[in-house]
Structures are given as structure tokens and as C-alpha cells.
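Just so it is clear, the values below take in all heavy atoms, side chains as well, and ignore hydrogens, waters and symmetry mates.
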Amino acid sequence: MSKIKEDQLKKLQELVGTINNLQLQVGEFESKKHQKLHQISEFQGQLNVYQKELEDEYGKVLISLQDGTISEDEG
């Protein structure tokens, strides 16, 4: 049985290895992305609860994130 040349085999192995490594990295990125999206969802839930607490205390108003100034919600 014949074989490809040693340098050809090495190049083939390197290319396939690089592709496999990149696919693994993409999988890791997707896993991290999923975790971050879950964290965003958790913090959005916390924000909703806190906004409700503020609304109960101050009514339906707008609050500046820069300095905490309260203004009437005209919407």
C-alpha cells in the first residue's frame, strides 16, 4: 500500500488540527455566550424588581442614571 509523502502528511495533520482547534474555540465561545446571556437575563430580572420598588416609593417617574434626578413621566 502506498502513502503520501511525510511533509504532505504533516501539512494535512496541521490543517486538520487547526480546524479542530478553531471548532473547539467556537464551542467555548458559544458556551461563554450562553452563560453571559443567562447572566443578562438574571440582572434584567433584578432590575425589574428594583424598578418596581422605586416605583412603589416614588410613583411612576423618570430617574436620571447620571445624577438620580427625578422627573415626571410624561409617557
Side-chain angles (χ1 to χ4, degrees):
M1 183 176 269
S2 61
K3 294 182 176 183
I4 62 175
K5 297 175 189 170
E6 191 65 33
D7 62 325
Q8 292 172 323
L9 176 60
K10 185 175 179 178
K11 182 172 182 172
L12 180 63
Q13 290 171 334
E14 287 175 359
L15 290 169
V16 171
T18 299
I19 290 170
N20 288 342
N21 187 25
L22 290 169
Q23 289 174 332
L24 178 63
Q25 288 179 30
V26 168
E28 290 171 357
F29 290 145
E30 286 298 320
S31 178
K32 288 179 183 179
K33 175 184 167 185
H34 178 77
Q35 290 172 349
K36 297 300 179 189
L37 289 172
H38 184 70
Q39 287 177 329
I40 288 170
S41 179
E42 288 178 4
F43 280 103
Q44 285 175 330
Q46 291 179 28
L47 175 61
N48 289 340
V49 168
Y50 193 58
Q51 285 175 321
K52 177 67 173 125
E53 290 175 16
L54 291 171
E55 185 177 315
D56 290 346
E57 185 171 342
Y58 295 101
K60 200 163 183 104
V61 295
L62 299 175
I63 301 173
S64 168
L65 289 177
Q66 283 70 37
D67 62 9
T69 303
I70 297 172
S71 58
E72 293 299 317
D73 183 3
E74 298 177 11

Visitor: Using side chain to side chain donor-acceptor pair (under 3.5 Å) as the criterion, list what pairs up with Glu28, not counting sequence neighbours.
Guide: none
Visitor: Which ILVMFWY residues can you reach from Val26 by hopping between side chains whose heavy atoms are under 4.5 Å apart?
Guide: none
Visitor: Not counting sequence neighbours, which residues clear side-chain contact (heavy atoms from CB on, under 4.5 Å) with Leu22? List them please.
Guide: Thr18, Gln25
Visitor: What residues join Tyr58 in its hydrophobic cluster, counting side-chain heavy atom gaps under 4.5 Å, either direct or through other members?
Guide: Tyr50, Leu54, Val61, Ile63, Ile70
Visitor: Using side-chain contact (heavy atoms from CB on, under 4.5 Å) as the criterion, list what pairs up with Glu55, not counting sequence neighbours.
Guide: Lys60
Visitor: Hydrophobic cluster mates of Leu62, side-chain heavy atoms under 4.5 angstrom, ILVMFWY only, any path?
Guide: none
Visitor: CD of Gln8 to CD of Gln13: how many Å apart, nearest 0.5 Å?
Guide: 12.0 Å
Visitor: Any salt bridge (charged side-chain N to carboxylate O under 4.0 Å, His left out) involving residues 29-50? Give me the pairs, sequence neighbours left out, ordered by first then second residue.
Guide: none
Visitor: Just how far is it from atom CG of Leu47 to atom CD1 of Ile40, taken to the nearest 0.5 Å?
Guide: 12.5 Å
Visitor: Who passes salt bridge (charged side-chain N to carboxylate O under 4.0 Å, His left out) against Asp56, sequence neighbours left out?
Guide: Lys52
Visitor: Salt bridge (charged side-chain N to carboxylate O under 4.0 Å, His left out): which pairs involve residues 64-75, sequence neighbours left out?
Guide: none
Visitor: How does the hydrophobic cluster around Val16 look, that is, which other residues are in it when side-chain heavy atoms under 4.5 Å mark a link?
Guide: Ile4, Leu9, Leu12
